[in-house]
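Remarks on the structure that follows.
Everything quoted here is computed from the prediction, not taken from an experiment. In what follows, every chain begins at residue 1, and chains take the letters A, B, ... in the order their sequences are listed.
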There are 2 protein chains.
Amino acid sequence: MYHSRLMALDADVLKVLADPLRARILQLLAAEALCTCHLVEETGAKQANVSNHLKVLREAGFVDAEPCGRFTYYRLRPDALRRVADALHELADRAGSDARRPC
Amino acid sequence: MYHSRLMALDADVLKVLADPLRARILQLLAAEALCTCHLVEETGAKQANVSNHLKVLREAGFVDAEPCGRFTYYRLRPDALRRVADALHELADRAGSDARRPC
DNA sequence: ATGATACATCAGCCCAGACTGATGAGTCGT
DNA sequence: ACGACTCATCAGTCTGGGCTGATGTATCAT
């Protein structure tokens with residue numbers, strides 16, 4: 001097995017996912033690529049708000065932005081999500097033993 | 001396939017993981033069960049702070065508390081972590097298509 | 001060129017929640 | 001019984017970050 005190196009939970013990365021609107025945006029982008037205007041009408045949030053959240057998601061590597069005329073299409077990056085999922089899964093697997101440190 | 005039902009990302013659950021001290025605590029508990037005093041000295045955080053974070057982790061189902069004399073041992077619950085990991089993984093898998101909704 | 005549309009960015013408001021010191025409750029050793 | 005210890009809870013402070021209205025920058029249609 002290659003990826004047996006210990007992956008640390010990165011709270012900064014998790015923070016990006018831990019927002020209701022950002023989570024909703026990711027769900028929507030999982031089905032198809034969408035531009036900002038779609039996300040605005042689907043979520044009901046204000047344009048500036050959606051745009052800010054997209055910036056956060058982009059800088060964290062969870063979405064890709066593809067400018068297209070006056071639109072900007074956003075697309076999910078599954079690899080980034082899988083890295084987080086794997087880190088959590090590996091943490092769960094590491095917890096097998098029932099050892100307890102004495103006081 | 002059994003678990004093919006769509007799992008929604010729960011931002012409230014992710015919020016619990018998205019804190020540096022809580023993430024550190026989970027890492028430590030992955031190796032062995034520890035009581036609060038261990039976590040206090042390992043993390044360097046104040047006792048009240050650690051205790052508060054443990055309460056959050058407990059209420060979210062990520063750790064189990066086992067009172068033991070005047071100590072309280074905390075143990076990781078891998079199933080809870082796996083549920084989050086699976087939700088993220090499933091979201092990543094759902095993103096295969098390169099469809100884009102027209103404007 | 002003018003207006004309309006899509007999106008980004010900015011400044012400011014506001015609140016959830018992380019942190020702290022103090023106190024309370026329970027348990028142990030002597 | 002008394003002090004020492006572990007841990008939980010409380011009240012209060014303060015900062016990060018989500019939200020908004022306004023403005024700026026492109027791009028499109030006519």
Side-chain angles (χ1 to χ4, degrees), chain A residues 9-29 32-76 100-103, chain B residues 9-29 32-76 100-103:
Chain A
L9 280 203
D10 189 343
D12 288 330
V13 173
L14 285 169
K15 251 190 239 292
V16 175
L17 303 176
D19 176 271
L21 185 47
R22 282 198 290 268
R24 178 96 184 89
I25 288 174
L26 292 178
Q27 308 263 19
L28 291 166
L29 293 180
E32 50 182 343
L34 298 170
C35 49
T36 311
C37 58
H38 291 143
L39 293 168
V40 168
E41 67 176 356
E42 289 275 353
T43 62
K46 300 294 171 79
Q47 181 267 326
N49 196 14
V50 171
S51 198
N52 275 324
H53 282 297
L54 284 170
K55 179 180 186 174
V56 174
L57 289 170
R58 200 187 328 133
E59 286 173 344
F62 288 116
V63 302
D64 248 358
E66 180 184 351
C68 184
R70 54 178 157 169
F71 306 106
T72 307
Y73 273 93
Y74 284 90
R75 172 184 317 280
L76 208 65
R100 67 162 55 182
R101 182 189 303 187
C103 274
Chain B
L9 278 203
D10 188 342
D12 289 329
V13 172
L14 285 168
K15 249 190 240 292
V16 174
L17 302 176
D19 176 272
L21 185 47
R22 283 198 288 267
R24 179 95 183 91
I25 288 174
L26 292 178
Q27 308 263 18
L28 291 166
L29 292 180
E32 51 182 341
L34 298 170
C35 49
T36 312
C37 57
H38 291 141
L39 293 168
V40 168
E41 67 175 355
E42 290 276 353
T43 62
K46 299 294 172 75
Q47 181 267 326
N49 197 13
V50 171
S51 198
N52 274 325
H53 282 298
L54 284 170
K55 179 180 187 174
V56 174
L57 288 170
R58 200 187 329 132
E59 286 173 345
F62 287 117
V63 301
D64 248 358
E66 179 184 352
C68 183
R70 54 178 158 169
F71 306 106
T72 307
Y73 273 93
Y74 283 91
R75 171 184 319 281
L76 208 66
R100 66 162 57 184
R101 182 188 304 186
C103 273

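- Between the CG atom of L29(A) and the CZ atom of R22(A) there is a distance of 13.5 Å, given to the nearest 0.5 Å.
- Using a 4.0 Å heavy-atom distance criterion, Y74(A) is classed as a sugar-phosphate-only contact.
- Counting to the nearest Å, the P atom of dG17(C) and the CG atom of L57(B) are 14 Å from each other.
- In this structure, the CG atom of L54(B) is 7 Å from the P atom of dA8(D), given to the nearest Å.
- When each of L39(B), V63(B), L34(B) is checked for a side-chain contact (heavy atoms from CB on, under 4.5 Å) with I25(B), only L39(B) meets the rule.
- Closest to the side chain of L21(A), out of dT9(D), dA18(C), dC19(D), is dC19(D).
- Among the nucleotides dA8(D), dG21(C), dT9(C), the one closest to the side chain of R58(B) is dA8(D).
- Here the C1' atom of nucleotide dA16(C) and the CG atom of D19(A) are 12 Å apart, to the nearest Å.
- Separating the CG atom in L76(A) from the CD atom in Q27(A) is a distance of 10.0 Å, to the nearest 0.5 Å.
- You'll find that the side chain of N52(B) is closest to dC10(D), out of dT20(D), dG26(C), dC10(D).
- Once rounded to the nearest 0.5 Å, the distance linking OG1 of T43(A) with CG of L28(A) reads 7.5 Å.
- The phosphate of dG29(C) (OP1 or OP2) has no side-chain N or O of R70(B) nearer than 4.0 angstrom.
- Regarding contacts with the backbone of dG17(C), every side-chain N or O of H53(B) stays at 4.0 angstrom or more from both OP1 and OP2.
- Mapping R22(A) and C68(A) onto DNA chain D via the closest heavy atom, the residue that lands nearer the 5' end is R22(A).
- Looking at which nucleotide of DNA chain C each of A65(A) and K15(A) is closest to, the 5′-most match is held by A65(A).
- Position along DNA chain C of the nearest nucleotide to K46(B) versus C103(B) favours C103(B) as the more 5'-ward residue.
- Distance CG (L39(A)) to P (dC19(D)): 14 Å, rounded to an integer number of Å.
- If you measure from atom CG of L34(A) to atom C1' of dC7(C), you get 15 Å, rounded to the nearest angstrom.
- Closest to the side chain of A48(A), out of dT9(D), dG21(D), dA8(D), is dG21(D).
- For the pair T72(B) and dT6(D), the criterion of a side-chain N or O lying under 4.0 Å from OP1 or OP2 is not met.
- Closest to the side chain of F71(A), from the set dA6(C), dC19(C), dA8(C), is dA6(C).
- Taking atom NZ of residue K55(A) and atom P of nucleotide dG18(D), one finds them 13 Å apart after rounding to whole Å.
- We find that CG of N49(A) is positioned 16 Å from P of dC15(C), with the value rounded to whole Å.
- Remark: P of dA16(C) and CG of L14(B) are 20 Å apart, rounded to the nearest angstrom.
- Ion pairing between E32(B) and R75(B) fails under the 4.0 Å rule for side-chain N and carboxylate O.
- The backbone N or O of P102(B) lies less than 3.5 Å from a partner atom in the side chain of H38(A), making a donor-acceptor pair.
- Residue contacts shown for S51(B) include a base, since a base heavy atom lies under 4.0 Å away.
- Between the side chain of Q47(A) and the base of dA6(C), no donor-acceptor pair under 3.5 Å is found.
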